[in-house]
Amino acid sequence: MNATTVAVRAGVSRGRIELRQSATSGQDLWGAAFFPAVALVVMYLLRGNTVPGTDFSLGSQAIPGILAMNIVLNGVTALAMMLTLDREDGTLLRAKATPNGMVGYLVGKVISRSGMVVLSVLIPLIPAALLFDGLQIGAVSSWLTLAWVLALGLVAVLPIGAICGAVFGSVQSLGLVTVPIMGLVAISGVFYPVSGFPEWLQGIAQAFPLYWIGLGLRSALLPDALAVAEIGESWRHLETAGVLGAWAVAGLLVAPVVLRRMARRESGSSVAERREKAMQRPM
Amino acid sequence: MRYGANDVLRGVDLRVHRGEVLALLGPNGAGKTTTIEILEGFRRRSAGEVSVLGTDPDHGDEAWRARLGVVLQSWRDHGRWRAAELLDHLGLYYAPYGTPARPRPYDTAELLALVGLTGQAGTVIARLSGGQRRRLDVAIGLVGRPDLLFLDEPTVGFDPVARQDFHDLVRRLSGLEDTAILLTTHDLDEAEKLSDRIVLLAGGEIVADGTAAELAARFSGKAEVRYSRDGEFFTESVQDATGYVRELFARHGEAIGDLEVRRVSLSEVYLAMVREFESGQHHAARELTGVGA
């Protein structure tokens, strides 16, 4: 068997091991579940309000948006943070010291992160289905739409997470990623239909994947009548695929270059230097 | 060899033979880690020629990488993994590079036994003690059955017991299937104990190269002569102390006082060198040792 194939297979098993570690780690689960849990509670309290122009619960309408937020938080922020930590503790250097180790590392990371993203979409659906009315989770078509939006969304956001993780040197400076993402969450129609916002704000929101993942998930999980609350009163599947596809292509073009540059710079002394800085920081 | 704006290494010529343990000895900042990182292919040199296992590390491919084992000063990676799980995993990558004469990877259980971690096979790595963690790092360095193993300052921060255990381990390794070991240390005692040959590095230059016995003979053959001449004090390091003193008296006669002649031990030479180096005067240190030129 070819050495690269071996490394890809090793990466698959690596991904499984890492996913098991994340899914059984209280710290990881807390990190992944905190925002969505708060959002679900808030939406449950707001379930009596209705989406403007319909008699549909605003709370139920926000569920797909919260799931989209989960995808972005787990795919971008958490991935970036893992890459940064892996550089700080030498995991990445270990991969570099191993033949084809980088291939295995990246395959493993993509699998474990994708797994966490999928879990972060599926698990909240269970309480959501019990607490909120009107979600179309019984239909096969819902799951098909959910599957392609989720898959395309992953390919669009994971490279962004990888790039952020490679560019930012420390966990602290990752705040520069988290803050704009929270801003995007606020303007991308996660909690409230974006059609109520000023047009320039709608424009910004539509430039980023979060809005489109949210729109795609709403089209999967909400009744078709709810499309009236969207821009153009349509689910715009074609545009969704187009924008997410464009982000995916751009990300997949840029990420390998940035990752390769990052890997080249790894050495024992750069790891030691980062650790020293990390230790000087007040925790 | 240049790194950044300064020449950190000049004319460093290292040869490690099959099955040999070579110690790169020098004070902190002498360029040991830089040297080893260049050899490992983790750092680019600005000039000069380097060949490791017949390949320039800057252009080393994965097959070359598979023949190296790397143990850095301190790893903290894979803290959530279990010891045996990580060895099993990392071993996978080496399988395609095995040959009938040198099957890769090493068997995990055998490797854990070799480094004395059989009882910790199922332990989560973050819960290992410092000494156990370092032994695991050595096991990882060996998992691909390397032709050449790098050990960078392997015992820094160890208590005496962990240190002794580690020394025993390295001695066991040196007999192992033709694996050459290049280890760096700032501790002369460690270098003497573990290595077949010592290369003394200071200020980016090799100031001595030989077996511990050779170095001891070369340096302790020297003596330190202290004296005063017209009230001014001098210290000289000379090969032939008797001849030197005879000439001193012949030339200056009554003006010489406070005469003192001492044999210089290897550890004294090394200490003096380190001290000089740390005060930024490593050229003076070179004169003192006077070797390598």
Side-chain angles (χ1 to χ4, degrees), chain A residues 1-28 82-83 85-105 107-108 112 263-276 278-279, chain B residues 3-4 31-34 36-44 58 60-82 85-86 88-98 104-105 124-126 133 137 140-141 143-144 146 149-150 152-153 156 184:
Chain A
M1 209 176 358
N2 164 309
T4 314
T5 320
V6 169
V8 170
R9 285 192 175 191
V12 173
S13 82
R14 184 182 180 85
R16 271 206 304 268
I17 292 169
E18 282 185 352
L19 179 59
R20 192 196 65 216
Q21 286 164 350
S22 278
T24 54
S25 142
Q27 199 187 344
D28 280 26
M82 289 192 126
L83 269 182
L85 286 173
D86 281 352
R87 271 191 295 162
E88 212 163 89
D89 70 14
T91 301
L92 212 70
L93 186 58
R94 181 78 77 192
K96 198 177 159 182
T98 310
N100 302 300
M102 276 295 175
V103 174
Y105 174 83
V107 170
S112 62
R264 210 170 33 236
R265 288 183 178 173
E266 281 314 288
S267 71
S269 31
S270 63
V271 171
E273 208 173 287
R274 268 196 298 274
R275 182 172 43 243
E276 224 146 84
M279 268 149 70
Chain B
Y3 187 73
K32 302 188 299 288
T33 297
T34 306
I36 212 166
E37 287 189 346
I38 288 168
L39 298 176
E40 288 161 349
F42 288 166
R43 186 181 271 216
R44 276 164 194 272
D58 277 2
D61 59 5
E62 302 300 319
W64 173 78
R65 171 72 55 209
R67 297 174 61 201
L68 297 181
V70 173
V71 181
L72 293 186
Q73 287 195 18
S74 66
W75 298 95
R76 295 178 311 158
D77 61 308
H78 293 93
R80 287 175 166 190
W81 292 57
R82 290 169 199 285
E85 182 181 51
L86 182 60
D88 279 337
H89 173 73
L90 292 175
L92 295 175
Y93 297 87
Y94 291 90
Y97 300 102
R104 295 180 159 113
V124 172
I125 293 172
R133 166 84 229 210
D137 289 333
I140 294 172
V143 75
L149 178 69
F150 294 103
D152 195 7
E153 299 273 1
V156 166
T184 70

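Everything numeric here is computed off the predicted structure, so don't read it as measured data. Just so it is clear: chains get the letters A, B, ... in the order the sequence lines come, proteins before strands, and each one is counted from 1.
Legend: residues meeting side-chain hydrogen bond (donor to acceptor under 3.5 Å, both in side chains) with Glu62(B), ordered by chain and number and at least two apart, are absent. Residues satisfying the ring pair (Phe, Tyr, Trp, His ring centres under 6.0 Å) criterion with Trp81(B), sequence neighbours excluded, are His78(B), His89(B). Residues forming a side-chain contact (heavy atoms from CB on, under 4.5 Å) with Arg265(A) (at least two apart in sequence, or on another chain): Arg261(A).
Arg94(A) places a side-chain heavy atom less than 4.5 Å from the side chain of Ile140(B). Between Phe42(B) and Leu93(A), the closest side-chain pair of non-hydrogen atoms falls below 4.5 Å.
Heavy-atom distances place no part of Thr5(A) under 4.5 Å from chain B, backbone and side chain included. Heavy-atom distances place the side chain of Glu85(B), and not its backbone, under 4.5 Å from chain A. Contact of Arg87(A) with chain B is not made at all, since no heavy-atom distance falls under 4.5 Å. Heavy-atom distances place both the backbone and the side chain of Gln21(A) under 4.5 Å from chain B.
Remark: Arg80(B) CZ is packed, more than 12 non-hydrogen atoms of other residues, nucleotides or ligands lying under 6.0 Å away.
Residues of residues 64-71 of chain B lying within less than 4.5 angstrom of chain A, judged on heavy atoms, are Arg65(B), Ala66(B), Val70(B) in numerical order.
Shortest non-hydrogen contact noted between Thr98(A) and Leu90(B) is OG1-CD2, 4.0 Å. Taking both residues in full, the closest heavy atoms of Leu92(B) and Ser13(A) are given as CD1-OG, 4.0 Å, listed atom of the first, atom of the second, then distance.
For the atom pair OH (Tyr93(B)) and OG1 (Thr4(A)), the distance works out to 12.0 Å, reported to the nearest 0.5 Å. Atom CG in Asp61(B) sits 9.5 Å away from atom CG in Asn100(A) (nearest 0.5 Å).
When the candidates Gly101(A), Ala263(A), Ala95(A) are compared by the number of heavy-atom contacts under 4.5 Å with chain B, Gly101(A) comes out ahead.
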